[in-house]
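Read through the structure below, which is laid out as C-alpha cells, and then see the notes.
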Amino acid sequence: MPPLLALVDCNNFYASCERVFNPKLEGKPVIVLSNNDGCVVARSNEAKALGIAMGVPEFHIRDLIYRHKVQVFSSNYALYGDMSQRVMQTLEQFSPAVEVYSIDEAFLSLSGLPQRNPTAYGHTIRKTVKQWTGIPVSVGIAESKTLAKVANYLAKRSPHAAGVFDLSAETNPQRILSQIPVEKVWGVGPGTTRLLKAHGIETAWDLREADEHWIRKHLGIVGLRTVQELRARSCLPLEQCPPPKQGIMVSRSFGHPVESLAEMQEAVATYTSRAAEKLREVHLAATVLMVFLETNPFTDEPQYNNVSTIELPVATDTSHELIRHALQGIKTIYRAGYRYKKAGVKLAGLVPVSHIQADLFDSQDRGRAKRLMQALDRINDRMGAGTLQYAAAGLNPRWKAKFARRSQAYTTNWKHLPQVQ
DNA sequence: TCTGGGGTCCTAGGACCC
DNA sequence: TCTGGGGTCCTAGGACCC
C-alpha cells in the first residue's frame with residue numbers, strides 16, 4: 001500500500017492572520033509587506049484579483065493601492081508565528097504523524113486511519129481549523145508530497161473542490177496533470193522551467209512521462225525524485241522531528257543607506273545579538289561566524305559586497321563574545337565610500353551546548369557567561385524584546401528597518417489584546 | 001524616495017593524496 | 001617521444017522553497 005498524505009496549507013496566511021483580529025477587513029483587498037515595507041509577501045483573494053503580484057515592490061503599486069483602498073500591513077511575525085502554532089496544534093488532532101513544513105503548511109499522514117473517506121476527512125480538518133483559529137485552509141490529498149502539493153493547488157482553484165481535493169481518488173490522472181503547468185510543480189523553479197519547456201515538457205503530465213535518463217542527466221537526482229513522486233512513488237518521507245539546524249541567520253536591509261563604520265557596527269551588533277538569542281533558544285553553540293555587507297544592487301552607485309568568515313576558537317552561545325568577533329569581522333571587510341543597503345550575520349558549525357569542547361587556552365569564565373545570558377534572556381522574555389540590549393547596538397539608530405503599518409501583537413502582548421466593544 | 005529574510009540541498013571543480 | 005588516474009574532501013555557487 002502506498003502511503004496517503006494530506007498537505008494542509010493556510011490560504012493567504014499573513015493576510016488571513018490580519019483578518020482574524022480585524023473583521024472589517026473581510027471582503028476587502030488586503031496585502032502584507034516584507035521587512036522594511038519593501039515587497040508584497042501576502043495577498044488576500046481580492047488583492048490577487050486586482051492583479052497585485054507576489055513579490056512586487058510596494059512603490060510600484062501605490063496608485064493601485066490608493067484607487068482600490070487596498071489595506072496595507074507591515075509584517076508582524078510575532079502574530080503570524082503565534083497563529084501558526086495554533087493551526088499546527090489543531091492539526092495534531094487529525095493525525096499521529098504531522099510534519100510542520102513551513103509557517104503556513106503541514107503534511108499529515110492519513111495512512112492507517114480508520115476513516116474510509118479522505119475527502120470527508122479533509123472537510124472536517126478544514127472546518128475545525130477555521131472554527132478554532134479563524135484561519136481558512138486548503139487540503140490536498142495524494143500518495144506523495146509532490147502530488148499532495150498538486151492536489152492542494154487544485155483544492156484552491158477548482159470550483160467543485162470547496163477547499164479539498166483528493167488526487168488519489170482520481171481515475172484519470174492524465175486529464176488532471178495535463179492541466180497543471182510544469183512550473184507549478186513543487187521543485188521546478190524558473191531555471192528548470194526554461195530547460196523543460198525548451199524540450200517540449202509543458203505540463204506536470206509531460207514531466208511525469210519524461211525519460212528518466214534525460215532527467216537524471218539534466219536535472220540531477222532532485223529532478224528524478226520529482227518525476228518519481230509525480231508517478232505516485234513517494235521518495236520524500238514525512239519528517240516528523242525537524243533535522244538539526246545547519247545555520248542561524250539574521251540580516252536586514254537598512255531603512256536608510258549606511259555609510260559610516262560606526263553605524264554599520266551598530267547594525268551588526270544588533271543582528272548578532274538577535275542571532276545569539278536564537279542560538280540559545282535551541283540550545284546550540286556556534287563554531288563559525290560569518291558577517292557580510294552589501295550595497296544596493298538596484299542603484300547604479302558603485303557596488304561592493306563582501307563576507308568575512310571567522311572560525312571561533314571555542315564553540316559559544318554568548319552574545320558579547322559573538323558580538324566581539326562580528327565587529328572584528330565587519331571591520332576587516334568594511335570599505336569607506338560606499339552606501340550600504342544591507343548587512344547580516346550567520347552562525348554556523350552548530351553543536352549542542354552540552355558538547356562544547358573546552359579549549360585548553362580558553363581564558364573565559366564560561367559559567368559566569370552562562371548565568372549572564374540566562375538572566376538577559378529571562379528579562380527580555382518577560383519584559384519584552386529589547387528591554388536589555390548591548391551598548392554596541394546603539395540607541396536610536398537611523399539604519400533600522402521600517403515597519404510603518406504594523407498591526408498590534410494581539411496574541412503575544414497583553415497591552416495589545418483586542419478589545420470587545 | 002521606496003525593491004525581504006531565512007533556510008535546504010546538490011553539484012562542479014579544485015586541492016590533495018597515493 | 002614521453003608528461004597517470006582515481007579517490008576523497010572541501011568549498012563556492014546555484015537552484016529552489018516559503
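Letters A, B, ... mirror the listed sequences (proteins, then strands); counts begin at 1.
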Would you check if there is a donor-acceptor pair between the side chains of [Y] and [X] at a distance under 3.5 Å?
| X | Y | result |
| --- | --- | --- |
| A:Asn152 | A:Ser138 | no |
| A:Arg280 | A:Ser319 | yes |
| A:Tyr338 | A:Glu294 | no |
| A:Asn12 | A:Ser44 | no |

Assuming nearest nucleotide by heavy-atom distance, tell me which of A:Gly38 and A:Arg225 is located more 5' along DNA chain B.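 Taking each residue's closest nucleotide, the earlier one in sequence belongs to A:Gly38.
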Residue mapping more 5' on DNA chain B - nearest nucleotide basis, A:Ile221 or A:Gly255: A:Gly255
Is the centre of the A:Trp186 ring less than 6.0 Å from the centre of the A:Tyr101 ring?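 Yes, close enough.
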Ring centre gap for A:Phe73 and A:Tyr14 strictly below 6.0 Å: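 So the answer is no for these two rings.
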Contact pattern, 5' to 3', of nucleotides 8-17 of chain C - B, S or - by protein heavy atom under 4.0 Å: -------SSS
Would you confirm whether A:Lys341, through its side chain, and A:Phe254, through its main-chain N or O, come within 3.5 Å as a donor-acceptor pair? yes
Donor-acceptor under 3.5 Å (A:Ser168 side chain, A:Glu143 main chain): no
How close or far is atom [atom2] of [N] from atom [atom1] of [X], stated in whole angstroms?
| X | N | atom1 | atom2 | answer |
| --- | --- | --- | --- | --- |
| A:Asn35 | B:dG6 | CG | P | 7 Å |
| A:Arg406 | B:dG4 | CZ | P | 17 Å |
| A:Leu347 | B:dG6 | CG | P | 12 Å |
| A:Phe107 | C:dC18 | CZ | P | 9 Å |
| A:Lys402 | B:dG5 | NZ | C1' | 17 Å |
| A:Glu294 | B:dG4 | CD | P | 10 Å |
| A:His256 | B:dC2 | NE2 | C1' | 11 Å |
| A:Phe13 | B:dG5 | CZ | C1' | 17 Å |

Residues in contact with DNA chain B, drawn from [range] - heavy-atom cutoff 4.0 Å:
| range | answer |
| --- | --- |
| residues 257-286 of chain A | A:Lys278 |
| residues 53-77 of chain A | A:Pro57, A:Phe59, A:Arg62 |
| residues 236-250 of chain A | A:Lys245, A:Gln246, A:Gly247, A:Ile248, A:Met249, A:Val250 |

Mark yes or no: A:Lys145 above the aromatic ring of A:Phe107, with NZ or CZ under 6.0 Å from the six-membered ring centre and no more than 45 degrees from the axis. yes
Within the structure provided, determine whether [X] and [Y] are in side-chain contact (heavy-atom separation under 4.5 Å).
| X | Y | value |
| --- | --- | --- |
| A:Thr411 | A:Arg86 | yes |
| A:Arg19 | A:Glu26 | yes |
| A:Ser111 | A:Leu4 | yes |
| A:Leu322 | A:Leu279 | yes |

Report all side-chain donor-acceptor pairs from residues 192-199 of chain A shorter than 3.5 Å, counting only partners two or more places apart or in another chain.
{"residue": "A:Thr193", "atom": "OG1", "partner": "A:Gly189", "partner atom": "O", "Å": "2.7"}
{"residue": "A:Lys197", "atom": "NZ", "partner": "A:Glu183", "partner atom": "OE1", "Å": "3.2"}
{"residue": "A:His199", "atom": "ND1", "partner": "A:Leu195", "partner atom": "O", "Å": "3.0"}

Using a 3.5 Å limit on both pairing distances, list the dot-bracket string of DNA chain B from the 5' end; Watson-Crick and G-U wobble pairs count, crossing pairs take [ ], interstrand pairs take |. ....||||||||||||||
By nearest atom, which of the nucleotides B:dG5, C:dC18, B:dT3 is closest to the A:Asn296 side chain?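 Within the option list, the nearest is B:dT3.
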So that I can tick it off, tell me whether [Y] and [X] are bridged by a salt bridge, with the cut-off set at under 4.0 angstrom between side-chain N and carboxylate O.
| X | Y | result |
| --- | --- | --- |
| A:Glu105 | A:Lys149 | yes |
| A:Lys402 | A:Glu58 | no |
| A:Arg274 | A:Glu277 | yes |

OP1 or OP2 of B:dG6 versus the side-chain N and O atoms of A:Ser251: is any pair under 4.0 Å? yes
Is there a side-chain polar atom (N or O) of A:Lys342 under 4.0 Å from OP1 or OP2 of B:dG5? yes
Indicate, with a heavy-atom threshold strictly under 4.0 Å, whether [X] touches base, sugar-phosphate, or nothing.
| X | answer |
| --- | --- |
| A:Leu33 | nothing |
| A:Asp37 | nothing |
| A:Arg194 | nothing |

Expressed in whole Å, how much space separates the C1' atoms belonging to C:dC17 and B:dG4?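 These two C1' atoms come out 14 Å apart once rounded.
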